[in-house]
Amino acid sequence: MTIAWPLPAALALALFLLGLLGLLTRKNLVFVLMSIEIMLNAAGLLFITAGMRWGNPDGQIMLIFVFNLAGAELALGLVLLLRLRNRLATLDGDAANLLRDTP
Amino acid sequence: MNAVFYLSAGLALLTTALAITRGNPVHALLYFVISLLFMGVIFFALGAPFAAGLEVIVYAGAIMVLFLFVTMMLAMDRLALRRERDWIARPIWIAPICLVLLLAVELARPLLRGSHQAAFHIVTPQAVGIKLFTTDLAAVELASMLLLAGLVAAFHLGRRQ
């Protein structure tokens, strides 16, 4: 029944690094947003691990706030994604590297 | 409970790795939703039943389904899918993998040191609720303001010009 805390912490680290790998390699903005979600989730797992180690409800409370942040961030990210799609007809993040319309 | 943890951890890692390497965004998101369900099982195995329920209901059930519906609305055509597949096949993975492994070595070092005593506490939903709505009430108000700001900004950005 007992799980030593480094195991879930190592799992959180591995998931965070997978998310970072996706963020660095993919150009499609859908995958960029998904990788950010993976990284946020890994951080949440680390909070839960700390809550288990110390028997403290703060870990789950921080997880609730992480979900809150993920929801707000994803809503704005998706709206920006739809705007980019309507304006440039692409999902490539590199297509929007100018701060103005192309002349 | 240990076997449940190991099984879910392996499957969560596998589905997350599949999610970031798919060419089709809808397949990738479905793999990520499965990974979130396994994460809920892991939370339950770690003695956090309330967090496990939230993970399945709020994260996998609401946030990721919103993401999935918007992605289905984008309706990528066949050309875009083929371009995405070409992008994955290119050797752009080498440098990011090196960087990520470097970071892994740095971050894994504190895990290998220190005491590894197995302490297991179950944190009940009552404890979470009491703490959340008494001492952390200000944070709840701030979180509600963050959601309101997100709502207003999404409405503003989503208007037709």
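Chain identifiers are assigned alphabetically (A, B, ...) following the order of the sequence lines, protein sequences preceding nucleic acid strands; residue numbering begins at 1 within each chain.
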May I ask you to name which of [options] has the most heavy-atom pairs under 4.5 Å with chain B?
options                    : result
A:L15, A:L24, A:T25, A:L23 : A:T25
A:L20, A:L82, A:L45        : A:L45
A:A70, A:G19, A:G55        : A:G55
A:V79, A:D58, A:N68        : A:N68

Partner residues of B:E55 under the side chain to side chain donor-acceptor pair (under 3.5 Å) criterion, sequence neighbours left out
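B:E55 satisfies side chain to side chain donor-acceptor pair (under 3.5 Å) with A:N41 only.
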Provide the closest heavy-atom pair for [X] versus [Y] in the form atom of the first, atom of the second, distance.
X      : Y      : answer
B:A48  : A:Q60  : CB-NE2, 3.4 Å
B:L29  : A:M34  : CD2-SD, 3.7 Å
B:K131 : A:P57  : CB-CG, 4.1 Å
B:P25  : A:V30  : CB-CG1, 3.8 Å
A:G51  : B:V123 : O-CG2, 4.0 Å
B:A153 : A:L76  : CB-CD2, 3.5 Å

Pairs of heavy atoms under 4.5 Å with chain A: top-ranked of [options]:
options                      : result
B:A12, B:G129, B:A51, B:P125 : B:A51
B:L74, B:L66, B:T71          : B:L74
B:I130, B:L142, B:V70        : B:V70

Does B:L147 have more than 12 heavy atoms from other residues, nucleotides or ligands lying within 6.0 Å of its CG?
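Result for CG/B:L147: enclosed.
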Quick check for you: to the nearest 0.5 Å, what is the distance between [X] atom [atom1] and [Y] atom [atom2]?
X     : Y     : atom1 : atom2 : answer
A:L11 : B:F5  : CG    : CZ    : 5.5 Å
A:E37 : B:T16 : CD    : OG1   : 12.5 Å
A:I38 : B:L36 : CD1   : CG    : 8.5 Å

Is [X] in contact with chain B via its backbone, its side chain, both, or neither, using a 4.5 Å heavy-atom distance?
X     : answer
A:L80 : side chain
A:E73 : neither
A:N56 : both
A:L18 : both
A:L21 : both

Sorted by number, residues from residues 102-109 of chain B in contact with chain A (heavy atoms, under 4.5 Å):
B:L103, B:A104, B:L107, B:A108
Is there a path of hydrophobic side-chain contacts, each under 4.5 Å between heavy atoms, that joins [X] and [Y]?
X      : Y      : answer
B:L14  : B:I20  : no
B:M145 : B:F133 : no
B:L18  : B:W93  : no
B:V4   : B:Y6   : no
B:L13  : B:L11  : no

Could you go through the side chain to side chain contact (heavy atoms under 4.5 Å, CB included) check for B:L132 and A:F65 one step at a time?
CA-CA 11 Å; B:L132 184 62; A:F65 292 140; 4.0 Å; yes
Please list all pairs meeting ring-ring contact (aromatic ring centres under 6.0 Å, His included) that have one or both residues in residues 16-59 of chain A, counting only residues at least two apart or in different chains.
none
Sort [X] into side chain, backbone, both or neither according to what part of it lies under 4.5 angstrom from a heavy atom of chain A.
X      : result
B:S35  : neither
B:F67  : both
B:A139 : both
B:L101 : neither
B:A19  : both

Looking only at atom types and distance, does a side-chain atom of A:R83 sit under 3.5 Å from a main-chain N or O of B:G158, one as donor and one as acceptor?
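Not confirmed, A:R83 side chain does not pair with B:G158 backbone.
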B:F43 vs A:L63, test: side chain to side chain contact (heavy atoms under 4.5 Å, CB included). Steps then yes/no.
CA-CA 11 Å; B:F43 286 173; A:L63 186 82; 3.8 Å; yes
Quick one: list whatever passes side chain to side chain contact (heavy atoms under 4.5 Å, CB included) with B:L54, sequence neighbours left out.
A:I64, A:F67, B:F50, B:V58
A:P8 versus B:L46: any side-chain heavy-atom pair under 4.5 Å?
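Answer yes - side chains close enough.
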